[in-house]
Amino acid sequence: MHWSCYSMTKLSTGVIHRVCATPKTTLNLASYLTQAVRSILASEPLMRIARRRSLVLLGVLCVVGTTPAEAVTDTDYLKLYAHSRIINYKQFQCFNQLITKESNWRINAINGSHYGLGQMRNPKYRELDGYRQIDWTLRYIKARYSGSSCNAYRHWQKKGWH
């Protein structure tokens, strides 16, 4: 990513969180900002503006360096498991959207007579753990929608089950 496109006024917390979505981009941004501070200190006389820029950049480095990592949740494990079963990223994205709309990845979700992640009617489905619910849902999608999570999601959207 080309960091020079971000001016000092655009480095808000929201931008930092967007560009620091991965450890690699965080490291790239931190390296860029460190180089910028060195450049400012080396090439400009330490006037009021140079000091302000340096302080802003150092502040950003502190925020980037101290942003806590988020804990991994059960939902993350379920999504990872589903992705291991659906290798195609686009198909996984469709499956993710479908399950998010159906149950928000809650294994104990209930909507009338429908249960779990995939909102199945089978009472046995309700008793399954999240990983087995994913397996059952994928088998259902394979049989009903030609194995395509995107077909299943499009069907869900067509029915207006938003």
Within the structure provided, determine whether Thr137 and Phe95 are in side-chain contact (heavy-atom separation under 4.5 Å). yes
Identify the two heavy atoms, one from Gly116 and one from Tyr125, that lie closest to each other, and give their separation to 0.1 Å. CA-CE2, 3.9 Å
Nearest heavy atoms of Asn111 and Gln119, plus distance in Å: CB-OE1, 3.0 Å
OG/Ser113 to CG/Asn122 distance, rounded to the nearest 0.5 angstrom? 11.0 Å
NZ/NE/NH1/NH2 to OD/OE distance under 4.0 Å, Asp76 and Lys79: no
Between the side chain of Asn104 and the main-chain N/O of Arg106, is any donor-acceptor distance below 3.5 Å? no
Rounded to the nearest 0.5 Å, what separation is found between the OG atom of Ser146 and the CZ atom of Arg144? 10.0 Å
Cys94 SG to Ile141 CD1 distance, which is reported to the nearest 0.5 Å: 9.5 Å
Do Ile107 and Asp129 come close enough that some side-chain heavy atom pair is under 4.5 Å? no
Tell me, do Tyr115 and Asn108 make a side-chain contact under 4.5 Å, heavy atoms counted? no
From Leu78 atom CG to Leu117 atom CG, the distance as rounded to the nearest 0.5 Å: 6.0 Å
Are Tyr153 and Ser148 linked by a side-chain donor-acceptor pair shorter than 3.5 Å? no
Is any side-chain heavy atom of Tyr145 closer than 4.5 Å to a side-chain heavy atom of Arg154? no
Taking the ring of Tyr81 and the ring of Tyr131, is the distance between their centroids below 6.0 Å? yes
If you round to the nearest 0.5 Å, how far is CE of Met120 from CD of Gln133? 9.0 Å
Side-chain donor-acceptor pair present, Gln97, Trp156, cut-off under 3.5 Å: no
So does Gly118 get a backbone contact from the side chain of Glu102, meaning a donor-acceptor N/O pair under 3.5 Å? no
Asn96 and Trp105: side-chain donor and acceptor closer than 3.5 Å? yes
Will you find, in the side chains of Asp135 and Tyr140, an N or O donor that is under 3.5 Å from an N or O acceptor? no
Quick one: does any side-chain atom of His83 pair with a main-chain N or O of Ile86 as donor and acceptor, under 3.5 Å? yes
